J.: 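Dumping the structure here so I can ask a few things about it.
Below, chains carry the letters A, B, ... as their sequence lines are ordered, and counting in each starts from 1. Computed from a prediction, not measured in an experiment: that's the story for all the values here.
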2 protein chains.
Amino acid sequence: MAVDRDHVLRSAAALLTRKSTATMDEVAKASGISRATLHRQFAGRDALIRALEALGIAECEAALDAARPDEGPAGDAVRRLVAGIEPHAPLLAFLYTENQLFEGEEQNAGWARIDERVTALFRRGQSSGEFRIDLTPAWLTEALYGLLASAAWAVAEGRVAPKDFTHMITELLLGGARRPDSPAPSGRGKSS
Amino acid sequence: MAVDRDHVLRSAAALLTRKSTATMDEVAKASGISRATLHRQFAGRDALIRALEALGIAECEAALDAARPDEGPAGDAVRRLVAGIEPHAPLLAFLYTENQLFEGEEQNAGWARIDERVTALFRRGQSSGEFRIDLTPAWLTEALYGLLASAAWAVAEGRVAPKDFTHMITELLLGGARRPDSPAPSGRGKSS
DNA sequence: CTCGGATGAGACGCCAACGTCTCATGCGCT
DNA sequence: AGCGCATGAGACGTTGGCGTCTCATCCGAG
């Protein structure tokens with residue numbers, strides 16, 4: 001077992017992120033090993049995806065731990081979280097869409113745990129009065145995933161600069177597109 | 001040609017939205033026709049996807065036209081746009097991920113047109129001072145797509161209520177999660 | 001040096017899905 | 001009734017990718 005399993009996993013993640021339909025052969029080549037060895041490491045394509053999923057979950061939980069979601073203003077915790085996830089965003093974007101087509105099968109319980117922790121963070125922000133309460137924590141969580149995936153793709157295709165990643169996501173998620181001191185906040189109302 | 005091509009297309013959209021890997025046979029059954037007839041309508045799976053893409057593009061452009069993106073406050077135009085797209089969100093979510101794995105091939109020019117129009121809307125909002133300028137129009141456009149897809153899936157899986165669709169997207173996109181009169185706008189400070 | 005274990009190269013069979021084709025059925029129209 | 005034509009059912013060959021297996025090679029340890 002001289003083969004570095006972790007290295008294989010990361011190469012696979014990098015490739016599948018770019019081409020989600022990559023062949024086992026391509027994955028093997030991308031890791032610099034033969035298909036036979038790849039099969040010795042992972043029983044099959046499913047096993048490989050599962051391993052990638054486990055990796056993504058582990059990285060998410062690590063980022064969650066590092067972000068200290070229970071400390072300080074919730075908004076700052078969200079910023080820390082997004083910043084911590086940034087390096088793993090491409091893999092997560094891949095897993096995000098991969099999950100869409102699992103349809104029937106139940107998904108890894110790890111995601112539920114992560115969902116719960118992220119949702120709790122948003123809930124905390126609402127309780128403290130920092131976040132608005134008309135957007136449910138479940139939706140904010142979902143939106144965070146969507147924005148992470150969108151940003152990862154946008155960066156991958158060069159539509160936005162990598163260095164803006166965290167800023168774009170957190171600012172949009174927390175503050176929205178509307179200018180704080182906008183002259184015409186909404187239209188509808190009269191205020192102003 | 002008694003077969004209603006449009007009906008087939010919509011059935012296929014509904015099915016593929018739920019199960020993006022559905023077989024040609026499944027698509028046919030879902031439309032209530034045989035695989036042979038399906039093949040008579042669409043040369044192959046590719047042709048079917050292309051047709052769905054064309055349908056999605058047409059619906060987007062129709063929604064864009066109906067939203068009158070050049071009239072009134074940009075924020076309101078965004079709301080009209082999202083409201084108009086809502087019925088087609090599942091199909092667009094499908095096409096959105098489908099596009100991620102086209103990798104090499106150039107995508108339908110229609111998307112570029114739509115991108116341009118949406119981007120222009122955000123740009124207008126920035127020019128008028130309604131939107132903040134530190135988030136690029138390109139990113140806002142990308143984020144809108146991501147939120148539409150996320151919302152479509154969240155609704156499909158029952159994580160959020162269908163009736164909140166437009167509100168959730170527009171409010172998050174425009175106003176963000178932070179409470180307008182939040183006690184601790186950003187964090188840094190401590191204020192209570 | 002010799003042995004054991006891991007690896008690379010590649011052959012092989014399998015299977016799912018595709019695309020094509022044929023043929024019989026059934027419906028509508030004249 | 002007779003005809004035309006679209007359809008449904010299904011057989012058939014092809015293809016791409018997977019998973020398994022064999023065998024030669026290589027490298028490190030003893």
J.: Measure the distance from CZ on Arg5(B) to C1' on dT7(D) and round it to the nearest whole Å.
T.: 18 Å

J.: Roughly, in whole Å, what's the span from CD1 in Ile49(B) to C1' in dC18(C)?
T.: 14 Å

J.: Is Thr37(B) close enough to dG8(D) that one of its side-chain N or O atoms is under 4.0 Å from OP1 or OP2 there?
T.: yes

J.: Identify whether the distance between the nearest side-chain nitrogen and carboxylate oxygen of Glu26(A) and Arg45(A) falls below 4.0 Å.
T.: no

J.: Could you check how far CG of Leu38(B) sits from P of dC18(C), rounded to whole Å?
T.: 10 Å

J.: Please identify each residue that fulfils salt bridge (charged side-chain N to carboxylate O under 4.0 Å, His left out) with Arg35(A), with sequence neighbours left out.
T.: Asp25(A)

J.: Walk along nucleotides 11-28 of chain D from 5' to 3' and tag each nucleotide B, S or - by protein heavy-atom contact under 4.0 Å, base first, then sugar-phosphate.
T.: B-----SBBB-B------

J.: Once ring-ring contact (aromatic ring centres under 6.0 Å, His included) is applied, do any residues pair with Trp153(A), and if so which ones, sequence neighbours excluded?
T.: Tyr96(B)

J.: For residues 142-158 of chain A, pull every pair meeting salt bridge (Lys or Arg N to Asp or Glu O under 4.0 Å), keeping only residues two or more places apart or in separate chains.
T.: Glu142(A)-Arg159(B), Glu157(A)-Arg159(A)

J.: Run the salt bridge (charged side-chain N to carboxylate O under 4.0 Å, His left out) test against Arg123(B) and tell me which residues pass, sequence neighbours left out.
T.: Glu116(B)

J.: Going by atom type alone, with no hydrogens or angles, which donor-acceptor pairs under 3.5 Å involve a side-chain atom of residues 160-170 of chain B and a protein atom two or more places apart or on another chain?
T.:
from, atom 1, to, atom 2, distance (Å)
Thr166(B), OG1, Glu86(B), OE1, 2.7
Thr170(B), OG1, Thr166(B), O, 2.8
Thr170(B), OG1, His167(B), O, 3.4

J.: Do the side-chain N or O atoms of Ser34(B) get closer than 4.0 angstrom to the phosphate oxygens (OP1, OP2) of dA9(D)?
T.: no

